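It should be emphasised that the depicted structure is a prediction, and the values quoted were computed from it without experimental measurement. Both counts, for ligands and for their atoms, begin at 1 and track the order of listing.
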Amino acid sequence: MNIVIAEDYDQMSRIAADTIAECVRALPDCVLGLATGSTPIGTYACLVDDCAAGKVDFSDITTFNLDEYVGLTPDHDQSYRYFMNEHLFDHVNIDKARTHVPDGSDPDAEAVCSAYDEAIFDAGGIDLQLLGLGHNGHIGFNEPADAFPVGTHIVDLTERTIQANSRLFDDASQVPRQAYTMGIGTIMGARAVLVVVSGEDKAATVKAAFQGPVRPEVPASVLQLHPNCTVVCDKAAASQLTQA
Ligand code: GLP
């Protein structure tokens, strides 16, 4: 695992965007796995700028997002589909028909999840998966558990995640209690993984995930076993790491 320490949030975002743009330039019809949350917003802003400047062309790529809240329609302003449109898809030359986010408005979990895994398989798998990191070490919505879930599945969100994400809703009671998420197996199947992490409040999680034992109680720790994983942290998020 390659850990890159950026000076600050802006530099972290630029490094992550350059990595993604590089992948798209090398493989114009690549399959990107995308993430939501506050952390990748700067990365997407850099990619929007790069696209406007003609430095990257998204017209042939396919994307799969990690997760979606169960019960929110794509036009709900807190749905992850809405987030992706707002921060990336509406501002670049992407073919929206080839952008995928699990359908949170469909209550048939089994159908949604198996169709999602099948679509990823049919697309040839994910070339580069972008990830944020939850405060409890979750990736996508794979919450701390006693085993690593393999495929896309429905998950009950933990109280900590509900509280953390309530800042974006009117109050915590509005936060959906469940989500559809790619599994750890789906994420580990990506040919390359890129994690972005920012802020002092994630420093202990970064230490546990990337310099602690690999265990499902800290889901992101599994990334230590990935053959091609890069973590880009700003200095604050990296502040508890010990030098190798
Ligand atoms: C959410 C998302 C994750 C994201 C995490 C961290 O719960 N499901 O994919 O990585 O929160 O979000 P943030 O970047 O806002 O801290």
Is the distance between the ring centroids of Phe169 and Tyr69 under 6.0 Å?
yes
From Asp8 CG over to Ser198 OG, what is the distance, rounded to the nearest 0.5 angstrom?
8.5 Å
Counting heavy atoms only, which of Leu34, Thr158, Thr39, Leu66 is nearest atom 14 (O) of ligand 1?
Thr39
Can you tell which of Asp67, Thr36, Val196 gets a heavy atom nearest to atom 8 (N) of ligand 1?
Asp67
Would you compute the distance between atom CD1 of Ile154 and atom OH of Tyr180 and round it to the nearest 0.5 angstrom?
4.5 Å
Nearest heavy atom to atom 9 (O) of ligand 1, choosing from Gly140, Pro40, Ser198, belongs to Gly140
Should the proximity of Tyr80 to ligand 1, defined as any heavy atom under 4.0 Å, be assigned to the side chain, the backbone, both, or neither?
side chain
With the threshold set at 4.0 Å, does a side-chain nitrogen-carboxylate oxygen contact exist between Arg14 and Asp50?
yes
Tell me: protein heavy atom nearest atom 11 (O) of ligand 1, and distance?
His138 NE2, 3.5 Å
Given Leu133, Val155, Thr161, Ile41, identify the one with the heavy atom nearest to atom 6 (C) of ligand 1.
Leu133
Nearest 0.5 Å, please: how far is CG in Leu128 from CG in Leu27?
10.5 Å
Could you tell me whether some N/O pair between His135 and ligand 1 is separated by less than 3.5 angstrom?
no
Any side-chain to backbone donor/acceptor pair from Glu68 onto Arg81? Under 3.5 Å, distance only.
yes
Contact between Arg167 and ligand 1, counting heavy atoms under 4.0 Å?
yes
Among all protein heavy atoms in this structure, tell me which lies nearest to atom 16 (O) of ligand 1, with the distance rounded to 0.1 Å.
Lys202 NZ, 2.8 Å
For ligand 1, is any non-hydrogen atom under 4.0 Å from Ser38's backbone (N, CA, C, O), its side chain (CB onward), both, or neither?
both
